[in-house]
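What follows is a single structure, written as structure tokens, with notes after it.
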Amino acid sequence: MAENNREALPQFSSTAALTDFFDAHDMGDYIEALPEAQFEVNIKTRQYLVAVDANIMQQVIAIAKAQHISAETLINQWLEEQTRKAA
């Protein structure tokens with residue numbers, strides 16, 4: 001049987017070595033040797049993409065860097081403040 005011919009999964013010294021290995025090998029040949037992954041998915045959370053003018057976005061990125069936060073976090077903070085004021 002094909003399963004009897006499956007090779008053992010080698011040990012890797014780094015994530016880069018692991019990814020290089022699977023770039024050259026079929027993961028299906030080692031699927032039984034791989035650990036089972038456990039994770040949760042929150043399908044109720046939604047994200048929306050909106051277009052932002054390039055000049056404005058560059059300013060937002062600069063402000064976010066100065067505050068040591070991501071541009072996404074900064075934009076969400078600003079939107080939350082403005083929606084509270086408007087409500």
Side-chain angles (χ1 to χ4, degrees):
M1 294 187 129
E3 287 187 26
N4 293 338
N5 295 331
R6 292 182 190 242
E7 298 179 32
L9 186 63
Q11 295 296 313
F12 301 99
S13 58
S14 68
T15 303
L18 174 97
T19 55
D20 289 344
F21 178 82
F22 282 115
D23 281 345
H25 295 82
D26 184 353
M27 187 178 278
D29 291 339
Y30 301 90
I31 198 75
E32 291 179 8
L34 296 172
E36 184 175 324
Q38 297 291 326
F39 54 91
E40 292 184 25
V41 177
N42 181 355
I43 59 174
K44 294 180 181 179
T45 300
R46 292 185 183 251
Q47 293 184 341
Y48 298 92
L49 302 177
V50 296
V52 178
D53 178 78
N55 293 330
I56 294 172
M57 194 63 198
Q58 290 305 315
Q59 292 174 342
V60 169
I61 290 169
I63 295 167
K65 276 187 180 180
Q67 294 183 15
H68 304 288
I69 59 175
S70 70
E72 179 181 356
T73 298
L74 180 62
I75 291 168
N76 279 313
Q77 288 175 352
W78 287 349
L79 289 172
E80 186 177 348
E81 288 172 11
Q82 292 302 311
T83 53
R84 260 192 263 125
K85 285 180 187 176

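We use all heavy atoms of the structure for the numbers below, so side chains are in, but hydrogens, waters and symmetry mates are not. Since we're looking at a predicted model, the values are computed, not measured.
Closest non-hydrogen pair, Phe22 versus Met27, comes out as CE2-CA, 3.7 Å. Residue Ala17 comes nearest to Ser14 through the heavy atom pair N-OG, 3.1 Å, listed as atom of the first residue, atom of the second, then distance.
Here the CD1 atom belonging to Ile75 is positioned 10.0 Å from the CD1 atom belonging to Ile63, to the nearest 0.5 angstrom.
Applying the salt bridge (charged side-chain N to carboxylate O under 4.0 Å, His left out) rule to Glu80 yields the partners Arg84; only residues at least two apart in sequence or on another chain are considered. Shown here are the ring pair (Phe, Tyr, Trp, His ring centres under 6.0 Å) partners of Phe12, two or more places apart in sequence or in another chain: Phe21. The side-chain contact (heavy atoms from CB on, under 4.5 Å) test applied to Thr83 returns no partner, not counting sequence neighbours.
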Return all side-chain donor-acceptor pairs below 3.5 angstrom for residues 36-44, not counting sequence neighbours, or 'none' if the list is empty.
residue: Glu36; atom: OE2; partner: Gln38; partner atom: NE2; Å: 2.7
residue: Asn42; atom: OD1; partner: Lys44; partner atom: N; Å: 3.0
residue: Asn42; atom: ND2; partner: Thr45; partner atom: OG1; Å: 2.9

Name each donor-acceptor pair under 3.5 Å that joins a side chain in residues 53-61 to protein atoms two or more places apart or in another chain, with its distance.
residue: Asp53; atom: OD2; partner: Asn55; partner atom: N; Å: 3.0
residue: Asp53; atom: OD2; partner: Ile56; partner atom: N; Å: 3.3

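The side-chain hydrogen bond (donor to acceptor under 3.5 Å, both in side chains) contacts involving residues 68-77 comprise Ser70-Thr73, where partners must be two or more places apart or lie in separate chains.
Put simply, Val50 and Leu79 are part of the same group of oily side chains (I, L, V, M, F, W, Y) that touch within less than 4.5 Å, one to the next.
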